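Inspection log for the structure reproduced underneath, given as structure tokens.
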Amino acid sequence: MGKVFALIGHPVGHSLSPLMHNDAFLALALPHHYVSFDVKPDDLKEAVSGIKALGIAGFNVTVPHKVSVMRYLDEIEKEAKQIGAVNTVSNRDGKLIGTNTDGRGYLLSLKEKAGENLKEKRVLLIGAGGAARGVAVTLDRSGVGRLDIANRTFERAKMLIETGIHRIPARALTLEEAAERLGDYDVIVNTTSVGMSPNVEDMPLPVEGIRPGTILSDLIYNPLRTKWLLEGERRGGIVMNGVGMFIEQGALAFEEWTGVSPDRERMRKIVVDELTHSGRIRE
Ligand code: ATR
């Protein structure tokens, strides 16, 4: 029998997850459905009870509920606990189990560009919010050469390192310090919203000083190419946008729920087509 999967967030109207998951169900001839629900913060508790009562088989969680949903779940897996946020929940015989596929999704997308072995890579993260935390905790668990974090509010970068990074060399930087030493890094990741539509002229850091071949990775996918990526590419950077992470976090959730791997290339195509043709995005 077909199962129902869901997304809860506020707002959720622009999410590409329903399109991506429903197409993947179709491609695998699975009789399931994925629907999104706009849940206001005050209604979160009742929404999660409702999900249980209705027997919804699994759900994704997006802004602003990724942290607050945790108190309503029955179990939370270790990585999600370390990240301090849940983006994927499975309903196993009436028990809601929370996990987080954002960090692992990011890691898989990074390996597509950087290769499997990240052990020697020196990474600079820009930003210290929720998105940065997912990436930082996962890179700490999987291992990179070093992981420095630069943030507008320096104290938050320090705090993220103290609470989220335990295994690898790491240092907090101001944005000004980071701008001075861009040449020290093999991978630079923008986890902030700086450069996202409609503020497409903004850049999280300058690109002067990067070495050719440095990977510039922006979690933003609207626009598909931020000004930071365009300018970085002109300086010899290898660029990647946030589509890869979005696809991989969704594909990992899909696998968790169904036990089957979706066709990631097909997912990517439907997402990029929608982003380019919906008129919501600038190429
Ligand atoms: P998310 O969950 O998407 O990471 P968040 O937790 O609100 O969102 O974090 C946003 C991040 O983007 C923060 O690192 C924030 O810097 P501050 O900690 O100083 O607020 C960063 N950010 C947002 N707007 C910014 C701007 N205009 N310039 C520099 N950094 C910015």
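Along the sequence shown, the residues carry numbers beginning at 1. Counting convention: from 1, in listed order, for ligands and their atoms alike. From a predicted model like this one, the values you see are computed outputs, not experimental measurements.
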With the threshold set at 4.0 Å, does a side-chain nitrogen-carboxylate oxygen contact exist between [X] and [Y]?
X	Y	value
E256	R92	yes
E77	R104	no
R146	D184	no

Does atom 10 (C) of ligand 1 have any protein heavy atom closer than 4.0 Å?
-> no

Any protein heavy atom sitting closer than 4.0 Å to atom 7 (O) of ligand 1?
-> no

Measure N151 to ligand 1 on non-hydrogen atoms and call it side chain, backbone, both or neither using the 4.0 Å cut-off.
->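 Looking at N151 and ligand 1, just side chain atoms fall under 4.0 Å.
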
Under a 4.0 angstrom heavy-atom cut-off, which atoms of ligand 1 come close to [X]?
X	value
A131	1 (P), 2 (O), 4 (O)
G127	14 (O)
R156	6 (O), 13 (C), 17 (P), 18 (O), 20 (O)

Does A132 reach ligand 1 with a nitrogen or oxygen that is under 3.5 Å from one of the ligand's nitrogen or oxygen atoms?
-> no

Excluding sequence neighbours, so at least two apart, what forms ring pair (Phe, Tyr, Trp, His ring centres under 6.0 Å) with F5?
->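 Ring pair (Phe, Tyr, Trp, His ring centres under 6.0 Å) check on F5 returns F25, H32, W257.
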
For [atom], what is the closest protein heavy atom, and at what distance to 0.1 Å?
atom	result
atom 27 (N) of ligand 1	R152 NH1, 3.5 Å
atom 2 (O) of ligand 1	G130 N, 3.3 Å
atom 19 (O) of ligand 1	T153 OG1, 2.5 Å
atom 21 (C) of ligand 1	T192 CG2, 3.6 Å
atom 5 (P) of ligand 1	G129 CA, 4.0 Å

Give a yes or no answer on whether the side chain of N22 reaches the backbone of P18 with a donor-acceptor pair at less than 3.5 Å.
->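 Present.
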
For the residue pair Y221 and F246, does the interplanar ring angle fall in the parallel (under 30°), tilted (30 to 60°) or perpendicular (over 60°) class?
->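 Rings of Y221 and F246: tilted, 30 to 60°.
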
Hey, which of V4, L96, I56 is the one that makes side chain to side chain contact (heavy atoms under 4.5 Å, CB included) with N91?
-> L96

If you look only at pairs with a residue in residues 131-140, which of them pass as a side chain to side chain donor-acceptor pair (under 3.5 Å), with sequence neighbours excluded?
->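 Sorted result for residues 131-140: E79-T138, R133-T163.
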
